[in-house]
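Input: a single structure, listed below in structure tokens.
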Amino acid sequence: MRVLCVAEKPSIAKSITQILSGGQYTTSNSANRYIKNYEFDYPQLNAHFTVTSVVGHLFGYDFGPQYKNWSSCDPFVLFDVPVEHKVAEDKQTVASNLKRLAPSHQELVIWTDCDREGENIGSEVATVCRSGNPRIRIRRARFSAIIAGQIHRAAQNTVELDMRQAASVEARSIIDLRVGATITRMQTLGLQRLVPQLKDQKLMSYGPCQFPTLGFVVSRYEQVKSFVPETFWFIYLSLARDPRNEEDQTEFTWRRGRLFDLDIALVLYEFVLENVMATVTKVTKKNVKKWKPLPLTTVELQKSGSRLLRMAPKKILDVAEKLYQDGFLSYPRTETDIFDPQFDHAALIAKQVVDPAWGGFATGLQQDGYAPPRRGKKDDHAHPPIHPTAHAGNLNGDAKRVYEFVTRRYLACCSKDAEGFETTVDIVSGGEDFYATGRFFSEPDLVGLVVLARNYLDVYPYDKWGDKALPDFEEGQQFMPSVCELRDGQTSQPNLLTEADLVGLMDKNGIGTDATIAQHIQTIIDREYVVARKEGAVTYLVPSNLGIGLVEGYSRIGFERSLSKPQLRRETERMMVQVCNGTKTKAEMIDESVEQYKHVFVLARNNFNRIVEESRRSPH
DNA sequence: GCAAGGTC
């Protein structure tokens, strides 16, 4: 029997081949430059295997040519006209490779990622293969990690393709196209016609992900703008053990924190002054841990990368993609923050011992520094957390910095939590409670044998856990504070959104996926809805007048679930789950969603003057 | 000239 195996991407086809063939296989080129076809015998099934791949989706949806021209029709009709489902122009070579291979095989085994998109890509692969060989038997391999045992088990225990999951993706694709096209055309044409400043603005797109993304930026901007500082008061108390040394001050924090009522603060302060001699009520000493980081997901890479490496999320993902293609990093698009229990950490750590910067640390992990990585809560059942797959010694610039971050993060995951020693001193002065906290990695010799360790912090300089010395205090000890003042301060205004903040918000609200979040941010910048403003080391996102105008305009119309809020997208997500469960059909999902958006569209068009007003308010 | 999803 001849079996045709098709993976979602070339790298997976290669890994599967290496595992199933035991290293004995032949390679040939396909019509597509990225795709190779591998062949070998698989005696366990008494079969000859051909393994190849696609490069993501094969098909795309679009309107027919008669609707291409924006003036050809009222945008509203795009809610209902038929959509074409065709192999995308740039995927013709991918499809022709499958179609050519199908006739010489009796069985097709689909090895796409085990998620909704993977199921959908699998159904596309099946369609193309069937067009080359109508009688080909179609099966699906289920695997959640590229680990030999799992891959063999998947090959020998194939299942059915899940057509419900595939259908849920089709429904979402069609809805996104219809909604995106109608609102984009209406909005762009309307604003160009009615707002003089915008007549040359090329494209003012609407998308179910880009608008909620813009909404987050505008909403933070409004918070910053409407912020009114408040004054608060607190009692500041400190002790100088050596009154001649101004540096040697132990500052105590008032247990009440901040008070926003001056009268009350004054009364309490006067109580304290009447009896200011302080008494130490308690000295607490305890061992404390700072947890090592979780295994790295794409979203985390982008958040911490943009914060620590000061690169745009999109840039980080591009660099990581290149490192993956060069064989230095594992697949960079993953939601998983749990390593498979069978994952071979020893082999990966061994590859890093040669590094001049962290090789010594890796050697330490090989001796007794190793501890199994923490287990997060997310598993996409398709890819492991991001980790280095080979040592890279010759990188430069951004590639070097991203590789270093991923590698240090990985080694930190395989290390131990940092251990410190914390002392808290509680005092009472004039009936009010104060405290001071100090922390050490190594306790001064008093107790002698407690050895505390920085552990993962030695390889992960991105986390800070500073030493803060505290002089010795004893319970019952009394002292006269060197300073005791009623001080005031003001609440500070919130910061504008950073790219890292925005990635986090989108992830939390289900806007976009690990692979697309950075693109959506880039889109709202490209559309000039938002400007990325660099202030020192941090990049803040500031909405433009156009961006603010659009969001304000739509919310003025008073949509129950505004177009720039995440609820509508969440509803789409919920319906996809229902289609996957079988509690809703694809057609029902499309109908319901389109009805809802038709309503929104009509309301928006009838009240378009409000959007125009908001967009006109200031020059762009 | 429209979307978002995959991958390169």
Side-chain angles (χ1 to χ4, degrees), chain A residues 7-13 32-35 53-63 67-73 75-79 81 83 87-88 90-91 93-94 112-113 115-125 165-166 168-192 200-213 298 317-318 320-326 331-334 380 382-383 506 510-520 522-524 526-527 563 568-569 572-573 576 593-594 597 601:
Chain A
E8 184 162 322
K9 44 190 160 273
S11 62
I12 300 284
N32 183 286
R33 54 191 287 226
Y34 300 109
I35 299 174
S53 79
V54 288
V55 269
H57 283 288
L58 283 164
F59 286 71
Y61 285 99
D62 209 349
F63 299 108
Y67 303 105
K68 283 275 185 294
N69 190 320
W70 284 30
S71 55
S72 67
C73 63
F76 189 84
V77 306
L78 301 179
F79 277 125
V81 300
V83 287
V87 173
D90 58 341
K91 298 298 169 63
T93 54
V94 185
T112 48
D113 296 352
D115 53 25
R116 282 191 313 228
E117 297 296 334
E119 228 61 31
N120 183 267
I121 292 168
S123 81
E124 297 179 347
V125 168
Q165 288 192 47
S168 77
V169 171
E170 288 169 18
R172 195 220 52 232
S173 311
I174 292 170
I175 293 164
D176 287 348
L177 174 64
R178 292 195 188 283
V179 172
T182 50
I183 302 186
T184 296
R185 289 187 188 187
M186 185 260 295
Q187 180 172 283
T188 303
L189 296 174
L191 290 173
Q192 284 172 345
D200 295 323
Q201 189 89 18
K202 304 152 292 295
L203 175 62
M204 287 166 275
S205 62
Y206 171 84
C209 286
Q210 43 180 279
F211 251 59
T213 305
T298 306
L317 196 52
D318 290 348
E321 168 77 25
K322 178 75 168 50
L323 287 166
Y324 154 70
Q325 285 176 28
D326 292 343
Y331 189 65
R333 289 182 279 272
T334 173
D380 62 17
H383 305 285
M506 294 171 73
I511 302 300
T513 69
D514 51 359
T516 61
I517 280 176
Q519 286 172 31
H520 296 312
Q522 190 57 51
T523 300
I524 60 173
D526 290 345
R527 296 288 185 269
L563 291 176
L568 273 174
R569 191 63 182 172
T572 304
E573 179 70 24
M576 288 181 82
S593 213
V594 164
Y597 274 106
F601 179 92

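In this text the structure is predicted, and so the values were computed from the model without any measurement. Quick note: numbers below take in every heavy atom, side chains included, and nothing from hydrogens, waters or symmetry partners. In what follows, every chain begins at residue 1, and chains take the letters A, B, ... in the order their sequences are listed.
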Nearest-neighbour nucleotide for the A:R172 side chain, B:dC8, B:dC2, B:dG5 considered: B:dG5
Nearest-angstrom distance from the residue atom NZ of A:K322 to C1' of B:dC8: 12 Å
Spacing of A:L317 atom CG relative to B:dT7 atom P, expressed in whole Å: 10 Å
Sugar-phosphate, base or nothing in reach of A:Q192, heavy atoms under 4.0 Å: base
Partner residues of A:Q522 under the side chain to side chain contact (heavy atoms under 4.5 Å, CB included) criterion, sequence neighbours left out: A:K314, A:I525, A:D526
Rounded interatomic separation in angstrom, taking CD from A:E573 and C1' from B:dG5: 12 Å
Spacing between A:F601 atom CZ and B:dC2 atom C1', to the nearest angstrom: 12 Å
Touch class at under 4.0 angstrom, heavy-atom based, for A:P75 against every strand present: nothing
The single option from A:D90, A:V54, A:V94 passing side chain to side chain contact (heavy atoms under 4.5 Å, CB included) against A:N32: A:V94
Sugar-phosphate only, base, or nothing, as touched by A:T182 at under 4.0 Å among non-hydrogen atoms: nothing
Pairing residues for A:A7 by the side chain to side chain contact (heavy atoms under 4.5 Å, CB included) criterion, not counting sequence neighbours: A:I12, A:A13, A:I16, A:S53, A:W111
Minimum-distance pair of heavy atoms, taken over all atoms of A:F63 and A:K68: O-NZ, 3.0 Å
Closest nucleotide among B:dC2, B:dA4, B:dC8 to the A:R569 side chain: B:dA4
Nucleotide B:dA4, atom C1' - distance to CE of A:M576 in whole Å: 10 Å
Pair A:E573 + A:R172: basic N to acidic O under 4.0 Å: no
Candidates B:dC8, B:dC2, B:dG1 - which lies nearest the side chain of A:L189: B:dG1
Side-chain donor-acceptor pair present, A:S11, A:Y324, cut-off under 3.5 Å: yes
Residue closer to the 5' end of DNA chain B, A:P10 versus A:R185 (nearest nucleotide): A:R185
Check: A:D90 side chain, B:dC8 base, donor-acceptor under 3.5 Å: no
A:Q187: partners by side chain to side chain contact (heavy atoms under 4.5 Å, CB included), with sequence neighbours left out: A:I183, A:L191, A:M204, A:Y206, A:F211, A:Y529, A:L550, A:Y554
Stretch residues 202-212 of chain A: residues that reach within less than 4.0 Å of DNA chain B through a heavy atom: A:K202, A:L203, A:S205, A:Y206, A:G207, A:P208, A:C209, A:Q210
Which residues share a ring-ring contact (aromatic ring centres under 6.0 Å, His included) with A:H383, sequence neighbours left out: A:Y331
Separation of B:dT7 P from A:L323 CG (nearest whole Å): 17 Å
Phosphate OP1/OP2 of B:dG5 contacted by A:H520 side-chain N/O (<4.0 Å): yes
N/O (side chain, A:R333) to phosphate O (OP1/OP2, B:dT7) under 4.0 Å: yes
Spacing of A:Q522 atom CD relative to B:dA4 atom C1', expressed in whole Å: 16 Å
Nearest-neighbour nucleotide for the A:Y331 side chain, B:dC8, B:dG5, B:dA3 considered: B:dC8
Residue-phosphate contact under 4.0 Å: A:S173 side-chain N/O, B:dA4 OP1/OP2: no
A:R33 vs B:dT7: side-chain N/O to OP1/OP2 distance below 4.0 Å: no
A:R116 vs B:dA4: side-chain N/O to OP1/OP2 distance below 4.0 Å: no
Partners meeting side chain to side chain contact (heavy atoms under 4.5 Å, CB included) with A:S168 (sequence neighbours left out): A:R116, A:M576, A:V579, A:C580
Sugar-phosphate only, base, or nothing, as touched by A:D62 at under 4.0 Å among non-hydrogen atoms: base
Touch class at under 4.0 angstrom, heavy-atom based, for A:G512 against every strand present: sugar-phosphate
Nearest-neighbour nucleotide for the A:Y324 side chain, B:dA3, B:dC8, B:dG5 considered: B:dC8
Protein-nucleotide distance (A:M186, atom CE; B:dA3, atom P), rounded to Å: 14 Å
Side chain of A:L177 (C-beta onward), nearest among B:dC8, B:dA4, B:dA3: B:dA3
5' priority, DNA chain B, between A:T516 and A:L78 [closest heavy atom]: A:L78
